[in-house]
Amino acid sequence: MSLSTSVPIIYPESDGQPLADNTIQFRLIVTIQGGIDALFIDNPNVFVAGDLFWYPVEGEPWIRQAPDVMVVMGRPKGDRRSYKQWEEENIPPQVVFEIVSKSNTRQELEGAKRRFYERYGVEEYYLFNPDKGILKGWRRDREVELLQPIPQMLGWVSPRLGIRFEVVEGELQLYRPDGERFVTYLESIEYRELERQRAEQERQRAEQERQRAEQERQRAEQAEQAQREAIPKLLAMGLSVEQIAEALSLPVDTVRVVARIK
């Protein structure tokens, strides 16, 4: 009888490095991840993650990357400790984003990482340098199965995500298919507060209109009551029905009804 001595393979969940090197990089990562997640909020089979280890090959934990943001179409939402591709119907991330920090090199991002993404099935790779305001992108060419540079990124629309890329005054701006801009968490809070204030102002205006309408109704009722009360008095003064109707701007029939005259 022999006992198995095989050691289980460990797939690390962290490399001990921070999510971002600075607040700019962190803000962009969170904004992109949250914006894409919100864009596909009604689609249960779009998984979006930030700084999550992706293991494309079972049994080889040294083959891995942790894109700043990755999008997997065709896999359910939910928490994961890492993305083990063989447990995910072997579906690789189709879209990845990297935000340049001072610890990154061009050789790393445009060389080693691009080749990794190219080899393991990524369809779109986007790279933004916030210090220089430079945006680059690569898209898989199915004829040669290589990630080829996108010649013009400004105004580019992602085939997979439908989002539009712009750089405004050195700042990366992403736009949803409906034209709405991706916003930071703080901006979303500010927008919600503005919407709440606008809604409250509309409610107050509607209430003021209701009160004005009620006041007009009451004034009309009071005027009508005053006219009705004046008819018997005018009759007692000897005025005819026709004279009363003309004086009060009322139909003759109305005067007759109030005066009970046939």
Side-chain angles (χ1 to χ4, degrees), residues 4-17 19-20 28-99 104 107-128 136-150 153 156-163 165 174 176-177 182:
S4 172
T5 58
S6 61
V7 178
I9 298 174
I10 296 175
Y11 298 89
E13 298 169 358
S14 172
D15 57 5
Q17 299 299 314
L19 170 64
L28 282 169
I29 291 171
V30 172
T31 299
I32 294 170
Q33 189 273 332
I36 297 173
D37 228 358
L39 178 62
F40 293 100
I41 191 170
D42 295 324
N43 188 334
N45 290 310
V46 178
F47 173 65
V48 187
D51 195 42
L52 184 73
F53 268 145
W54 162 30
Y55 292 98
V57 182
E58 185 176 10
E60 300 184 20
W62 55 89
I63 300 177
R64 68 192 184 201
Q65 282 293 345
D68 286 336
V69 178
M70 69 179 187
V71 185
V72 190
M73 320 288 285
R75 295 305 301 151
K77 301 181 189 302
D79 295 328
R80 291 164 173 78
R81 308 290 297 190
S82 62
Y83 188 83
K84 300 184 179 94
Q85 190 171 312
W86 59 92
E87 295 179 356
E88 307 281 355
E89 296 185 5
N90 207 35
I91 299 177
Q94 294 94 354
V95 185
V96 297
F97 293 78
E98 296 285 358
I99 307 300
N104 297 131
Q107 290 76 15
E108 172 195 0
L109 295 170
E110 299 186 33
K113 282 197 174 184
R114 181 189 58 78
R115 288 192 294 271
F116 181 98
Y117 297 146
E118 184 176 78
R119 178 175 182 180
Y120 291 106
V122 168
E123 298 175 13
E124 302 173 37
Y125 171 32
Y126 300 109
L127 175 65
F128 181 67
K136 295 183 178 181
W138 292 262
R139 183 187 180 192
R140 182 170 294 274
D141 184 332
R142 289 300 183 186
E143 291 186 2
V144 294
E145 288 300 327
L146 297 176
L147 287 173
Q148 302 285 26
I150 298 170
M153 276 302 301
W156 170 260
V157 176
S158 162
R160 269 290 187 173
L161 306 178
I163 63 176
F165 292 76
L174 300 179
R176 297 162 49 99
F182 279 26

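Note that the structure is a prediction, hence the values are computed from the model and not measured.
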Mutual orientation of the aromatic rings belonging to Y83 and F47 [parallel < 30°, tilted 30-60°, perpendicular > 60°]: parallel

Could you state the interatomic distance from CD1 (I41) to CD1 (I36), rounded to the nearest 0.5 Å? 14.0 Å

With under 30° as parallel and over 60° as perpendicular, where do the rings of Y126 and F165 fit, or are they tilted in between? tilted

For the backbone of Q65 and the side chain of Y55, can you confirm whether one donor and one acceptor N or O come within less than 3.5 Å of each other? no

When you measure from the side chain of Q94 to the backbone N and O of M73, does any donor-acceptor pair fall under 3.5 Å? yes

With a 4.0 Å cut-off, would you call R142 and E123 a salt bridge? yes

When you compare the side chain of V122 with that of W54, does any pair of heavy atoms fall below 4.5 Å? yes

Apply the test side-chain contact (heavy atoms from CB on, under 4.5 Å) to residues K77 and V46: give CA-CA distance (whole Å), side-chain angles for both, the deciding distance (0.1 Å), then the verdict. CA-CA 6 Å; K77 301 181 189 302; V46 178; 4.3 Å; yes

Inspect the surroundings of CD in E143 and state if more than 12 heavy atoms from other residues, nucleotides or ligands are less than 6.0 Å away. no

Quiz item: cation-pi between R64 and F53, 6.0 Å / 45°: yes

Could you tell me whether a side-chain N or O of E13 sits under 3.5 Å from a main-chain N or O of R81, the two making a donor and an acceptor? no

Say you draw a straight line from CG of L28 to CD of Q33; how long is it, rounded to the nearest 0.5 Å? 13.0 Å

Does L109 reach the side chain of Y125, with side-chain heavy atoms less than 4.5 Å apart? yes

Do R160 and E124 sit within salt-bridge range, that is, some charged N less than 4.0 Å from a carboxylate O? no

Working note: I29 + F97, criterion side-chain contact (heavy atoms from CB on, under 4.5 Å); need CA distance, chi angles, decisive distance, verdict. CA-CA 8 Å; I29 291 171; F97 293 78; over 6 Å; no

Do I32 and I99 have side chains that get closer than 4.5 Å, going by heavy atoms? yes

Could you check whether any side-chain N or O of R140 sits under 3.5 Å from a backbone N or O of E118, counting only pairs where one atom can act as donor and the other as acceptor? yes

Between L146 and W138, is the side-chain contact (heavy atoms from CB on, under 4.5 Å) condition met? List the steps. CA-CA 9 Å; L146 297 176; W138 292 262; over 6 Å; no

So if I apply the side chain to side chain donor-acceptor pair (under 3.5 Å) rule between R75 and each of E88, E87, Q85, which one comes out positive? E88

